[in-house]
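Encoded as structure tokens, the structure appears first; notes follow it.
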Amino acid sequence: MTTDEAAWALERLETGIPGFDQVCGGGLPKNRTTMVAGTAGSGKTVMAMQFLVAGVREFDESGVFVTFEEAPDDLVENVRSFGWKMQDLIDRKKVAVVDATPEPGEVNVEIGSFDLSALMARLERAVKEVGAKRVILDAVGALFPQFTDANIVRRELHRIAVGLRRLEVTTLLTMERVNEDATIGRFGVEEFVADNVIILRNRLEQERRRRTIEILKLRGAVHQKGEYTFTVDSTSGVTILPLSDVELKQGSSAKRVSSGVPTIDKMCGGGMYRDSIILVSGATGTGKTLTVTQYIKAAIEAGERALLFGSEESRDQLARNASSWGVDYEKAERDGLLRITCRYPETMGLEDHLLLMRREIDEFRPSRIAIDSLSAFELSGSRRAFREFVLGLTSYIKKLEITGMITNTTPMLMGGATITETHISTITDTIILLRYVELYGEMRRGLTILKMRGTQHEKNIREYVIDSKGMHVQAPFRGIHGILTGTPTYMFARERENLSDMFSLDPSKSRNKAEGGSEDGSSDREG
């Protein structure tokens, strides 16, 4: 940006809504009007109220809330579930509420000279009373329930916008939409009057609601394009989870950490990089949870904190299984070195899981994180939602420069080239493949390091066994190929001898062998 461009850049107002300022490029343009449109349950009122409360709490900016549908007492009571003590802010003259709801039995009738002079007078008085910098007009569409002329609606909305700009306040107007595919406003003109337009959607995908936010326009300012997932909860209110914070700017460490299995460390060239994402992929029963247990054990023995997210087994079941391999999860928890969090993926949306995981990471501050298993989350949302969930989680782990291990269950018991069904393998730094291997009618297990970024690693497929002490990686498979395809073929001793003779360094031996002679020059055939 040139010096002249910077001088003309619009002044921004930070909203205080997590993730929102990042999506809109630094905040809303100051002293302008923003329309927030959405269907029922999309979070319009919550977002507007959060904008007001954050202004007081974080920036010491007072605000005015004008309600056209919900009674002020109901409004104050409803937002208490978010920890917002509106009555306290009202008593302290930090927030003023203007009640523009109709009286019981009152009927709005369209008239030719409809105007909002009385409302604007009340609003101006409230702004001056508390010194407001932020204003909310909630459900402003309720002003025009009887109108059929869109030109009147456009004229009056324009009058509101001009009056608010004169008061030098930054304003949010919430507006109802009939459905997700309808026009933005009820009359089809509202979006042209506002300086900025934000659309909140609450779509039903695979029997689960998924909220997204889109900045349709930000007049005179640059903003992120497209839809971004957001969630609403009692702790933070509205939280946007933009993929725009997934920037490839994190640091990179050359420090190695142990996997908990010495032979795997050796195969990886001395251990895993500290800030890497490790994917352990295998069929059911191949030992993925055991691999995670060994990984957690290595952290505990090094005196590092580890955070384990379980999605298929309870905390007690994970602890019991770990104890059978000689790892005491309960003691590690008492010592403050381990935290285990278990939730079924179906209990909430993927964006809610991501938000809770990030909170626990921030609170516990682990050196290692494990998710067992990721494939369970894959079934609880759409393909796009799942990839956004994985990308949001892994990028957050890498941003903090801590080690992450995730497991994924492949659908095929034997062989097959599939690592994951949603191509998340490209996001990971290291991939450990666990496979069943059928040899001479016996089911055995094989392990290989498929990829490891930034270092050389062993290419062999090694056999491993599991016993009461954990995982033991043994020698590479020899005399067999096709293990990963699921159709192994064997190389027998006589075939090796024939090949070695055929390509012998002694020309006379190779020639005699080719002619049917023995190594001493005599013929195997009778004369």
Side-chain angles (χ1 to χ4, degrees), residues 248-282 286-308 322 325-327 332 337-338 361 365-372 374 394-408 419-420 424-435 437 445-467 469-478 483-484:
L248 297 176
K249 296 180 180 180
Q250 65 269 12
S252 183
S253 172
K255 183 180 178 181
R256 305 265 187 162
V257 297
S258 174
S259 67
V261 182
T263 309
I264 293 181
D265 292 343
K266 182 179 178 181
M267 294 174 69
C268 293
M272 316 289 187
Y273 282 126
R274 185 189 66 185
D275 54 356
S276 62
I277 302 296
I278 306 150
L279 173 63
V280 181
S281 176
T286 51
K288 299 183 297 298
T289 299
L290 172 57
T291 306
V292 168
T293 302
Q294 302 272 192
Y295 165 82
I296 296 293
K297 178 184 178 183
I300 295 171
E301 291 178 344
E304 299 177 343
R305 288 185 175 185
L307 178 57
L308 172 58
W325 294 312
V327 183
L337 295 176
L338 177 64
I361 292 171
R365 298 187 177 276
S367 298
R368 299 193 189 198
I369 295 172
I371 300 99
D372 185 30
L374 197 64
T394 55
S395 64
Y396 195 68
I397 294 173
K398 291 180 73 68
K399 178 182 177 181
L400 298 176
E401 298 185 15
I402 55 183
T403 317
M405 177 176 283
I406 57 180
T407 68
N408 184 80
I419 301 170
T420 65
I424 62 169
S425 56
T426 56
I427 301 172
T428 60
D429 302 297
T430 301
I431 298 178
I432 301 175
L433 285 184
L434 306 180
R435 289 290 187 262
V437 182
R445 296 181 176 97
L447 177 151
T448 188
I449 308 299
L450 186 65
K451 85 167 183 178
M452 189 171 182
R453 287 176 175 153
T455 184
Q456 290 293 326
H457 59 88
E458 187 177 303
K459 309 301 191 297
N460 290 322
I461 302 174
R462 289 178 174 261
E463 183 174 8
Y464 66 96
V465 296
I466 298 174
D467 60 18
K469 295 183 180 180
M471 176 184 289
H472 307 278
V473 182
Q474 300 179 338
F477 287 101
R478 299 301 183 194
I483 291 175
L484 296 184

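Residues take their numbers from the sequence shown, with the count starting at 1.
Of all heavy-atom pairs spanning Y464 and L434, the tightest one is OH-CB, 3.6 Å. The minimum heavy-atom distance linking P366 with I402 is given by the pair O-CG2, 3.4 Å. Nearest heavy-atom pair, G303 versus L337, reported as atom, atom and distance to 0.1 Å: O-CD2, 3.8 Å. Of all heavy-atom pairs spanning T291 and M471, the tightest one is OG1-CE, 3.4 Å.
Contact of the T448 side chain with the N460 side chain is not registered, since no non-hydrogen atoms from C-beta on lie closer than 4.5 Å. Using a 4.5 Å heavy-atom threshold, the side chains of N408 and L279 count as touching. At a threshold of 4.5 Å between non-hydrogen side-chain atoms, the residues T428 and I406 count as touching. Residues R305 and L338 have side chains not in contact (no heavy-atom distance under 4.5 Å, counting atoms from C-beta outward). Between L307 and I361, the closest side-chain pair of non-hydrogen atoms falls below 4.5 Å. In this structure, W325 and I466 have side chains that are in contact, with non-hydrogen atoms separated by less than 4.5 Å. For the pair M272/T430, a side-chain contact is recorded, criterion being any heavy-atom separation below 4.5 Å from C-beta on. L447 has its side chain out of reach of Q474: every pair of non-hydrogen atoms, C-beta onward, lies at least 4.5 Å apart.
No more than 12 heavy atoms of other residues, nucleotides or ligands sit less than 6.0 Å from atom NZ of K469.
Using a distance-only test at 3.5 Å, with no hydrogens or angles considered, no donor-acceptor pair links the side chain of K288 to the main chain of T286.
Using modelled atom types and a 3.5 Å distance limit, the side chains of S367 and R274 yield no donor-acceptor pair.
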Legend entry - Verdict with supporting geometry, R368 and E304, salt bridge (Lys or Arg N to Asp or Glu O under 4.0 Å): CA-CA 8 Å; R368 299 193 189 198; E304 299 177 343; 3.5 Å; yes
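Under the rule for a salt bridge (charged side-chain N to carboxylate O under 4.0 Å, His left out), the partners of D429 that lie at least two apart in sequence or sit in another chain are K398, R453. In this view, T263 satisfies the side chain to side chain donor-acceptor pair (under 3.5 Å) rule with no residue, not counting sequence neighbours.
Because its NZ or CZ atom is not both nearer than 6.0 Å to the ring centre of F477 and within 45° of the ring axis, R462 does not count as a cation-pi partner of that residue.
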